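Note on naming: letters A, B, ... go to the chains in the order of the sequence lines (proteins, then strands), and numbering restarts at 1 for each one. Fair warning: this is a prediction, and the values are worked out from it, not measured in the lab.
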Amino acid sequence: MSMYQVKSISGDTKIDLPTCMYKLPNVHASRSGSGEHAHQNGEVDPAVRALEARQDEIMQRLYELKAAVEGLAKTVTTPDADLDATTLPQQGNARTVLTGTADLDSLLGKDPGALRDIVINAHPSRPPLSLLVLHSLLCQRYRVLSTVHVHSSIPAVPPELLTCLGPRHTHSFARQHFQLGFTLIWKDVPKTQMKFTVQKMCPVEGEGNVARFLFSLLAPGPCDAASATLSDSWVDTALFQLSEGGAKERAVVLRALNAALGRSPWLAGPELSLADIVCACCVHQSGSAPSAPPNVQRWLKSCENLGHFGQAYTLLH
Amino acid sequence: MTNEEIKGAVAEEDQAQSKKGLKKQQKEAEKAAKKAEKQAKLAAEQHGVEEEDFAKDRYGVPPMVQSTEKLDRALVRVQDLTPEKAEQLVWVRARVHTSRAKGKQCFLVLRQQQFNVQALVAVGDRASKQMVKFAANIPKESIVDVEGVVRKVEQKIESCTQQDVELHIERVFVISQAEPRLPLQLEDAVRPEGEGDEEGRATVNQDTRLDNRVIDLRTTTSQAIFRLQSGVCQLFRDTLINKGFVEIQTPKIISAASEGGANVFTVSYFKTSAYLAQSPQLYKQMCICADFDKVFCVGPVFRAEDSNTHRHLTEFVGLDIEMAFNYHYHEVIESITDTMVQIFKGLRDRFQTEIQMVNKQYPSEPFKFLEPTLRLEYTEGVAMLRAAGVEMGDEDDLSTPNEKLLGRLVKEKYDTDFYVLDKYPLAVRPFYTMPDPIDPMYSNSYDMFMRGEEILSGAQRVHDAQLLTERAMHHNIDLEKIKSYIDSFRYGAPPHGGGGIGLERVTMLYLGLHNVRQTSMFPRDPKRLTP
């Protein structure tokens, strides 16, 4: 605070102070005086001002959040907003929500000093082939410690199920060297199940949902809602109609696949997506690969050429 | 003897009536009545015959079996009494578990070890009224020989293990009579915890059981526990012998404490004193240095720990393993965990009836495990505990509650009751533990857990005399006292590791019991030295 100065009236008169006592600073120093002064002048204490600024900032963020939520609500409530692919890229809000990052720290939470272990429980009679393909893709991307166990609820499993995650890593003795753990447990479970952080996360059930989780570790999700939905719906179609459906349903799905693959080399978007992985595995698992229509055949071949389906296909009988 | 005497008394009375006065007659009558009553009572007690007893030689107490004769009579096991044996006449030797007389018939439950069958003595052309009475009065827990016909029953007998048949007794002989008052009732001893409280029925407390262990051991629960325990031991031996291990015997009287010195029992040894072995550790390692490659031993281990907990005993059976490995101590972990898994599998497949029997009294979830066994590292365990809100340092040992909690967390995620925690901090392990090659804060050591309780503690041992001396000095251990231990590594020693488990603890945790005294036949703890 700059003030004007007045010359000292008294001048430099030295007062001889006795030395038999100690000195204390003046308690009525100019500091308290200036404080009072400031208040009287209606000036704001910097602390208060900072508080106001923070409040403003919070309110601003709340408004932004409100706007974001409203934007989202609009895309959800408008029936064809998510189908209109041309307008979507402008929908900035929707895009940020769907775009994941492939950074393990931000995806799985910072947890230094311990292996992040993904546990997958699956029944040996229904091996989750798509997860094995995803495992192979994860291995390409990260240092993955893969282990296979048999739970005591299963008397015995065929040997190929024990080696389905490939040969043991030469450094598997040091768990800390890995970025990600992939623990597959053959267990008597009604549905394929995934557990990660047991305190914060409930188990993820169903092969499709586990596949979605694993795929999100690999690639940022499709950048627009349309292809995300397309991919999602193919995953569900594959699992509910190809794997569990009857012959008629399978035929319908195969025709739909054939049509879709006639238009584009991959099911959702310009490159391999989760939809391709899950659908290809389900086509094989349901035994309809040999009799599949030509586009599907060609697409299965291109999937196989990627080299990640090998381990999974060894489990097909 | 009774019939004649009664007749005599009646004749005397007649005479007296004619001669004496009314008063005397009355007195005499009273006396006679008393006498008759007494005799009748005596007769009843001795199961005597007031009337003609046509079945006299079909029951009774034969002279003590002193090996006077060698009968060729085949005795059928109670567990073999199945519908296939229907309508056959068989001999059975069993204990009277319960007996219940009901008018002209008497139901007995005959028990043989953990099996029991309902038997029936009914008045008919084979059994007389007196025989039924005799059968009804046999004290519980007496050993009897019975001959009877196996009959199918229409309705299943829920209270017995042989539910489809019953035995219609034609002869019954008491081989060894039990005292009529039992220190504890078997039904009370097998009553599930909690159930007795609700219905106001008795349960037997631990000390009463242990004081009368012979009777307590007869219960189906105890029978099942110790049969299963024998199975653990056998599976342990079989598995290891298949893996090429050699069983060794180690001395139990030793000159120096093998681990520390605080918790050893001192025994007088002629003019000096000696100790009871706390673990066969030193001798196992010496066998490795003597080129036995892979050894195991089964024997008593003594710990003078004054801890009165549910899981500590002062004497228990140790199942110890030590083996030389090629390149990495995980070879040892794999051997040990595979042995454990083989034991669990063997128990699951071969002892299901025993497990069910124990579960009836002490319900617990079935034991779950993974094959191959889950191996987590200490840091992971610490991270899991921290995520659950436990505050602990990197180098802190796990406290018992934290061990339990970690067991629950691991169970939640991996659904296994058995796992290995590897790479413990060096600071919390004994001096002979091999340090980690990369991070000197950690060590090549591991603990194994069952249902969240530690059952095995093991490590790669230091097999180099020089390093061992350094480590011992670091722990301020008097080198003179462990000289012979260090010396055994001076003449070349293969890299090796091992560990030991407590038989009682493994049985307890496998069955989900809550006290190690239940799985020790004659437990020894700071407060109990008998029976």
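Proximity to chain A is limited to the backbone of B:F367, based on heavy atoms less than 4.5 angstrom apart. A:K187 touches chain B through its side chain: at least one heavy atom from C-beta onward sits under 4.5 Å away, while N, CA, C and O do not. In this structure, no portion of B:R386 lies under 4.5 Å from any heavy atom of chain A. Heavy atoms of B:D349 lying under 4.5 Å from chain A are absent altogether. For B:E334, the part lying under 4.5 angstrom from a heavy atom of chain A is the side chain only. For a residue to count as touching a neighbouring chain, one of its non-hydrogen atoms must lie under 4.5 Å from one of that chain's; by this rule B:L374 touches chain A with backbone and side chain alike.
Your options are B:V341, B:L376, B:T416, B:V382, and the one with the most heavy-atom pairs under 4.5 Å with chain A is B:L376. Among B:H328, B:E412, B:R375, the residue with the largest count of heavy-atom pairs under 4.5 Å with chain A is B:R375. When the candidates B:E377, B:H330, B:K423 are compared by the number of heavy-atom contacts under 4.5 Å with chain A, B:E377 comes out ahead. Most heavy-atom pairs under 4.5 Å with chain B: of the set A:V148, A:D117, A:L162, A:N121, this distinction falls to A:D117.
By the salt bridge (charged side-chain N to carboxylate O under 4.0 Å, His left out) test, B:D397 pairs with no residue at all, sequence neighbours left out. With sequence neighbours excluded, no residue forms a salt bridge (charged side-chain N to carboxylate O under 4.0 Å, His left out) with A:E249.
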